[in-house]
There are 2 protein chains.
Amino acid sequence: MYASHLLPQAAGVAYQLSGRPSDAADLDCMLASQPVEKLAVGEAVFWEGDTASHLFQIVEGCLRLYRILADGRRAIIGFRFGGETLGMACQNTYGYTAETVTAVRLRRIGRNRIWAATDGADLLQPVLMARIFEEMAAAQRHIIVLGQLGAEERVANFLISFACRTGSDRRRPVAVELPMTRLDIADYLGLTIETVCRVISKFKREGMIAPDGRHRIILKDISALLHLAGELEDGTSSDLAGMTQRPPAWAN
Amino acid sequence: MYASHLLPQAAGVAYQLSGRPSDAADLDCMLASQPVEKLAVGEAVFWEGDTASHLFQIVEGCLRLYRILADGRRAIIGFRFGGETLGMACQNTYGYTAETVTAVRLRRIGRNRIWAATDGADLLQPVLMARIFEEMAAAQRHIIVLGQLGAEERVANFLISFACRTGSDRRRPVAVELPMTRLDIADYLGLTIETVCRVISKFKREGMIAPDGRHRIILKDISALLHLAGELEDGTSSDLAGMTQRPPAWAN
DNA sequence: CGGACCGTTGAGGCTTGTCAATATCCGTGG
DNA sequence: CCACGGATATTGACAAGCCTCAACGGTCCG
């Protein structure tokens, strides 16, 4: 399912092709003129605390975003895939380290150039804001997952949300690619690697999923997973279409 | 601050022409011209799902921000106090309900007016972005607290972060006002009310804190609390400077 | 003064973490 | 192409932490 780079940023490009001289095209245009950089597995794009000088667009691959705590624990804040952006909602310095899970191809652009572009005609601004707000909404969903849900609910949420993001075809059963390790998943969900394994095994026993190798899981009973997930993922997928196909919120 | 009585549409521009290149005043200025509204205990400012039409500045009081899950659980996303803003990092609709914990006085301003004011020269934008980024950083800290820390660590974090926010004088011991109930704290920290109580009692037994009534706690051993909290609260000031001291345009 | 709500404390059970052993995957080199 | 070795994943037994249920105490308010 790594054909995702063939349809980069569904939102931006689709909108661009629709013929409207839209805002979404701006950012993509600026980025499209940048050279593509390649990173091997395990390389860092930037480190927590680095000056947040650039914004990145992932062409292909998967990244993990994490912080290391004082006692050595690793907290994974999130993952990013091809078609998504990186370094958007940062202050002076990056708040986390971004490291490749797979080989990654990406483009970068100076944040100063972004902000300079908004000074003139600010067609760009709504797109930036929409993406930042989407990141915020994702963070709040994650807060609820970590604060309120049990292990099975967390894993169900994880699977469902990744099924939505990686743009699986809507036929059922859906196959989900999980390039990250179980440890990555555990550090993301606030569980241990053993608990993640046990939950996955249980889902498999109960026929809800069918693992296919380490990094691929077929979701066989999506409604059961959705029910477990607590319907946190219904109207709130990382679907950017909602933000572009509608007058921006701040236009009121 | 400015004692301006600006017409709604002219607010941003008028400020812009006023000659002071200080951005932070902008938003405060626009808000200062709005009437103060008063809310009683338990009233909602807005509900999850409402159209996000306004931005609010809390003059005085305390609010809880929460979502109700499908099964009835309540997840508190955060608290807001006097001097803080509300409804900043939202998309089309508010992502949570905002309800008063104490009596609250606040001002509101239409989001459309905010964005209209950024259309010209955007002195306002850096301030808005800085606050949004600060909200984002707070959300990521909360993710780490909920995902990685145990009950005692969570409560210690909670106490420390509130000691910082409510602007306690730096003399030690520091008194922290906690207007919310234990249930609010539990729903915020992803614990039960009983666990919160037990941790507080333990801290009290060990001489780290000294509760004074239900809604006031004196922190007697801050370094011990900081150590428990895992030093998550040290270098995270809400530094607005970053967006205004941009790197030069050639720094790509 | 009484009642309702909030807070505190205790006993026991369930979920998850820890430790340990085994199995599987995958890249590397023969 | 196959064998090997290290990393990753899985499974089980046990312990620890947190939740549930229950009872009691405190406080605020009518």
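Protein chains get the first letters and strands the later ones, always in sequence-line order, with residue 1 at the start of each. From a predicted model like this one, the values you see are computed outputs, not experimental measurements.
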Could you say whether A:R214 or A:S201 is positioned toward the 5' end of DNA chain D, judged by the nucleotide with the nearest heavy atom to each?
-> A:R214

Can you check the B:K202 NZ to D:dA16 P distance for me, whole Å?
-> 14 Å

Looking at the rings of A:Y188 and A:H142, which for Trp means the six-membered one, are their centres under 6.0 Å apart?
-> yes

Value in whole Å for how far the C1' atom of C:dC5 lies from CG of B:D184 = 14 Å

Taking D:dA9, D:dC18, C:dG7 as options, the one with an atom nearest any side-chain atom of B:R182 is C:dG7

Taken to the nearest whole Å, CG/B:L146 to P/D:dC18 is 13 Å

What integer distance in Å separates A:R216:CZ from C:dT24:P?
-> 21 Å

Parallel, tilted or perpendicular: which fits the ring planes of A:F81 and A:F162, with parallel below 30° and perpendicular above 60°?
-> perpendicular

Selection from D:dT8, D:dT11, D:dT20 that lies nearest to any side-chain heavy atom of A:T181 = D:dT8

Please state how far atom CZ in B:F203 lies from atom P in C:dT8, giving the value in whole angstrom units.
-> 14 Å

Rounded to whole angstroms, how far apart are CG on B:L183 and P on C:dG7?
-> 8 Å

Interatomic distance where CE belongs to A:M180 and P belongs to D:dT8 [whole Å] = 15 Å

Just how far, in rounded Å, is P of C:dT16 from CD of A:E153?
-> 9 Å

Answer with base, sugar-phosphate or nothing: what part of the nucleic acid does A:I200 contact at a heavy-atom distance below 4.0 Å?
-> nothing

Quick one: is A:T195 getting a side-chain N or O under 4.0 Å of the C:dT16 phosphate, OP1 or OP2?
-> no

Which residue lies more 5' along DNA chain C, comparing A:H215 with B:E194 via nearest heavy atoms | B:E194

Check B:E99 against B:Y66 and note the closest heavy-atom contact, atom names and distance.
-> OE2-OH, 2.8 Å

5′-ward residue of the pair A:G190/B:C197 relative to DNA chain C = B:C197

Count the heavy atoms of every other residue, nucleotide or ligand shown that sit under 6.0 Å from NE2 of A:H215, and state whether that count exceeds 12.
-> yes

Between D:dT20, D:dA9, C:dG7, spot the one nearest the side chain of B:I193, thanks.
-> C:dG7

Any donor-acceptor N or O pair under 3.5 Å, side chains A:Y96, B:Q140 = no

Looking at the side chain of A:R198, which of D:dT11, D:dC18, C:dT9 is the nearest nucleotide?
-> D:dT11

Is B:G150 touching bases, backbone alone, or none of the nucleic acid, heavy atoms closer than 4.0 Å?
-> sugar-phosphate

